[in-house]
Amino acid sequence: LRRLYGVSLLGSLREEGVQSESRFEAFYRAEFANAARLAYLLCGSQLISDDLVQEAFLAVEPKFDQVHHPAAYLRTTLVRMSATAHRRTERRAGLLPKLYEDKVLDASTAELFDVLGLLPYQQRAALTLRYWCGLDTQEIADVLGCRSGTVKSSISRGLSRLRNELKDAG
Amino acid sequence: MSIEERLHEALHRVAEQVNPEPPARRSGATVQMAEYVEIAGLRSRMRGLAVVALAAVLVLVVAGVAVLLGRNRTSDRVVSINAPTIESVPITSSSTSQEPTTSLSPDGPPSGPPPPGPPQVDLGSFYDQDALIAALQASGPLNNEDTAANVEGLASGLSICADIMANSDPEAGEVVHQVGASMNGDGGVVFVLRHGDGTQSVRMYSAGDADPATGGCRMLFDVPFLPTPASAPPERPWQERVADLLQTSRTIVADHPGVLAADAGGGDWLLINTSTNASVTAQAVGNIIGVGDLGDDFLIVTNAGDSETLVNVQSVSLDGTVRALGSIDTPSYYGSPPRAVVGLHDNVAYVLVQTATNVTQSIGNLAVVFHGTVERRAPTIYGALTFTDEGHLIVSGGNLGTQRQISTDMGGTWTDSSLHANDFAETSIVMSLDADTELAYETADPSRLGIVHSDGSLSNEFSGASDGGGWFVMPATDPRQLLLVGRLTGQSIPLDRTTGTPTGASGPTFPTDGGIVMTAWPTADGTYQALVGHGPHCQPDGRNVVGDCPSVTIVDGSS
């Protein structure tokens, strides 16, 4: 689970002396799938996540040669862009379709994702970064741009909410 | 299985269903173009267009604007790109080659040193298009259509830009304003687009990058093309009709941050979003007791005609379409529920309906609207809704305006959290700040105003604040602030939105002329307006801001 998303390809690619353009090509191909999955888990819409991933790669490319861990930089960029997208749409959210509804989910998973979609973005992102990306508290704090205490409380509240809502539903 | 294990398994199961293939990046002809950054989130519309053509158009547009503005700044750059030709492939650039922007000119590079660019003003960093539009609107009306039209001839017929310029793509919107701008040090242009429903969006084309870490776009705007307050009077197409309705209608329902519902008679209501100037007449929807802003739509709460206990929750889009979201069945006390308050927070709309007004505790029946459905929560008091950073929901008010209840589970359960200042005989709440503090005043002496803490202490007592009619808070044009408005004086004090402490001195905002400020809102053009009532029995009456006032007028405030 650890480091499922966050492997830096840059070091090995540098050793091979690959040119900048093709290194980024390789990075793009290697990281695209995980970036797309993370974006989908964060925003729950294939349409929005497709755009977010493209935007994130576009933002990373100019800095690709300067950053030490481009995959981590891409992840941070993606999580923060998702937050911006979330803010843009939340005012209409009362009328939006359910998050994650464009995937075929079994009843148990669908139930959990229904509640996950109700959580504030920061709680949802913290849970995704912990339980899908396998990041520790400080790493999540770095990605979200907040204090580790805030991450702890976000995860705690998110889990508590999931626990309570699923208990009620079950 | 623990909740952690279940979440871990569910996340992986869903992620497995996302099987993206990275769009192939083809090596095509290398062209010279300005990298573009699109803020408005309209990228999806770009798909399906020939990207090479778009690149060329962007060159022409930026070049044309540069020519029009006489600007020729050395901070601009040209980058070499491999232009992809497959849909949804991102436009990518190799690392920057620092060539001067003068090569963007269709006439070729000029000789000699570039002249200095136009003076610019720093409007700060922006994180979404709404903030950018608000900043531009704060400078004046967005209406230099003539200037925008001048670039029409520079756009290729194949591009979406041409469609925007020619207004032949209704979805993209019509260019109503343009302003030269540089972002994080690199040049470009911002277009303000108006859509068919009256909403506005922005697109920026720039060689600059947003900061990937913060997402912020720090922008400098060319002064000559910023809108100026004196260029035209604000256009509020709904204002005349509301003024007419105020001659006959006895009911106007208001909610922050500036949504009005005016009874037009016969079950019809004029709905207005004062921050966008969007309005629509909702026909035969019944008696509105609460209204909220859902962005492009309105959320309305109405009495059900055939029941004294039932209220309906509906959405109204700008084309007049009414959609039923659900109903809230409230206990029967003293007739139909008189009012409701609507709050929006983190994907959920909260509707709090008042059902009793002359008992010791005002009863509020809470429901949440999500996924287009209405779900009842636990009853509480009736009052203003506050959502704290910690995720708590606080209702402030009650029958006497002195009570608070707090919920940590989205209204599932409530506990009393009323705060009383030891120095006050009775504490009237202006605004809850968090679980332990509130901005409040002494009920018998509204000039005594400060932050009340859970231990009864009073801090940050305002000096010089005086208004015998009491206070209310309204959104300020600066999103970091609120305005504390005195009802009788029309004076306002800017407050820090988070701490409730003053950030500036008190000053006159609304001319009351002996009347009382019933409600107020920031306008689409960055100023303020208020409804001021006159008459001996004129008092704010919850959501119905006309109440018993024999005369109510719309007044313009000073910024």
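Just so you know, these numbers use all the heavy atoms, side chains as well, and skip hydrogens, waters and symmetry mates.
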For B/His12 and A/Tyr131 the tightest heavy-atom approach is CE1-O, 3.3 Å
CZ of A/Arg37 to CD of B/Glu16, rounded to nearest 0.5 Å, is 8.0 Å
If one checks every heavy atom of A/Ser108 against chain B at 4.5 Å, the contacting part turns out to be both
So CD of B/Glu4 and CG of A/Leu162: to nearest 0.5 Å the spacing works out to 9.5 Å
message: A/Leu127 vs B/Leu11, test: side-chain contact (heavy atoms from CB on, under 4.5 Å). Steps then yes/no.
response: CA-CA 10 Å; A/Leu127 290 174; B/Leu11 287 168; 5.7 Å; no
Taking atom types as modelled, is there a side-chain donor on A/Arg157 or B/Thr408 under 3.5 Å from an acceptor on the other?
no
Those residues at least two apart in sequence (or on a different chain) that pass side-chain hydrogen bond (donor to acceptor under 3.5 Å, both in side chains) with A/Ser153 are none
Taken in chain and number order and not counting sequence neighbours, the residues that satisfy salt bridge (Lys or Arg N to Asp or Glu O under 4.0 Å) with B/Arg13 are A/Asp106, B/Glu9
Given A/Ile155, A/Leu112, A/Val143, A/Thr150, the one with more heavy-atom pairs under 4.5 angstrom with chain B than any other is A/Leu112
Interatomic distance, CZ@A/Arg161 vs CD1@B/Ile3, rounded to 0.5 Å, equals 12.0 Å
When rounded to the nearest 0.5 Å, the distance separating CG of A/Leu119 from CE of B/Met410 is 9.0 Å
